Amino acid sequence: MKGFPDLQATTKVLADQSRLEILTILMDGKYHNVSELAKKTKIKSHTASYHLKQLCELNWVASYKQGRNVYYHLSSEDIAELLEKLMNISPIKEISSFNESIELEKLKKDVLVIDI
């Protein structure tokens with residue numbers, strides 16, 4: 001018997017900064033491995049794997065294995081749309097470095113050409 005949607009599980013996933021950064025990176029519609037995601041989010045690979053496992057359990061992220069590497073991508077366009085809507089209603093953080101400025105410009109370009 002199915003019950004009510006577990007909104008607490010959803011908000012718990014969104015409450016973690018590293019998971020949000022991973023999801024934001026995956027919005028580009030490309031496939032990324034754990035090493036790439038860990039490097040871009042500035043976390044250790046095993047931490048990225050932990051977060052990706054949680055996202056896969058919720059079916060937000062899908063994966064496929066090719067050789068020794070596992071590649072991850074958003075499982076549906078709905079996830080990207082949810083993140084975009086949250087970005088639209090969220091307060092804007094001040095950019096405090098040149099690197100953040102560059103990342104923001106790349107994100108703007110990637111979001112415009114998203115293809116899932």
Side-chain angles (χ1 to χ4, degrees):
M1 182 168 99
K2 295 203 176 209
F4 293 104
D6 189 357
L7 290 175
Q8 186 175 12
T10 301
T11 57
K12 185 178 177 182
V13 166
L14 295 173
D16 186 273
Q17 182 65 34
S18 296
R19 279 192 292 268
L20 274 177
E21 289 179 13
I22 288 170
L23 288 169
T24 302
I25 292 166
L26 294 175
M27 286 176 67
D28 68 3
K30 298 176 184 173
Y31 292 82
H32 299 273
N33 64 30
V34 173
S35 298
E36 290 175 58
L37 294 168
K39 185 177 179 181
K40 289 181 179 183
T41 56
K42 299 178 180 104
I43 58 176
K44 299 198 184 276
S45 291
H46 66 274
T47 305
S49 294
Y50 169 76
H51 290 307
L52 287 162
K53 181 181 177 192
Q54 289 183 321
L55 294 168
C56 285
E57 287 173 359
L58 285 174
N59 294 320
W60 284 29
V61 171
S63 65
Y64 79 92
K65 188 170 185 171
Q66 184 177 11
R68 291 180 14 177
N69 292 316
V70 179
Y71 294 91
Y72 297 89
H73 62 98
L74 291 181
S75 61
S76 76
E77 198 171 303
D78 292 337
I79 304 302
E81 289 175 10
L82 170 68
L83 293 168
E84 285 180 353
K85 288 178 182 179
L86 288 172
M87 287 178 182
N88 285 333
I89 64 170
S90 297
I92 304 298
K93 291 193 303 186
E94 290 293 320
I95 295 176
S96 58
S97 73
F98 181 69
N99 287 341
E100 285 181 359
S101 176
I102 291 172
E103 287 183 29
L104 178 63
E105 289 304 315
K106 283 174 44 179
L107 178 62
K108 285 180 182 178
K109 289 178 190 174
D110 289 343
V111 168
L112 292 175
V113 294
I114 193 166
D115 184 30
I116 295 180

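Here the structure is a predicted model, which means the values were calculated and not measured.
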Suppose we screen for side-chain hydrogen bond (donor to acceptor under 3.5 Å, both in side chains). Which residues come up paired with Tyr50, at least two apart in sequence or across chains?
Gln54
I'd like to check the side-chain hydrogen bond (donor to acceptor under 3.5 Å, both in side chains) partners of Glu94; sequence neighbours left out, ordered by chain and number.
none
Could you pull out all residues at least two apart from [X] that satisfy side chain to side chain contact (heavy atoms under 4.5 Å, CB included)?
X: Lys39; result: none
X: Lys53; result: Glu57
X: Asp6; result: Gln8, Ala9
X: Ser63; result: Val70, Tyr72

Interatomic distance, Asn59 atom CG to Asp78 atom CG [nearest 0.5 angstrom]:
12.5 Å
Return the set of residues passing ring pair (Phe, Tyr, Trp, His ring centres under 6.0 Å) with Tyr64 (not counting sequence neighbours), or none when no residue passes.
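Expected list: Tyr31, Tyr71.
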Met27 vs Met87, test: side chain to side chain contact (heavy atoms under 4.5 Å, CB included). Steps then yes/no.
CA-CA 12 Å; Met27 286 176 67; Met87 287 178 182; 3.8 Å; yes
Nonpolar side-chain network containing Phe4, other nodes, edges under 4.5 Å
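So far as hydrophobic clustering goes, Phe4 is joined with none.
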Thr41 (side chain) donor-acceptor with Ile22 (main chain) under 3.5 angstrom:
no
Can you confirm whether Thr24 sits close enough to Glu21 that some side-chain heavy atom of one is under 4.5 Å from a side-chain heavy atom of the other?
no
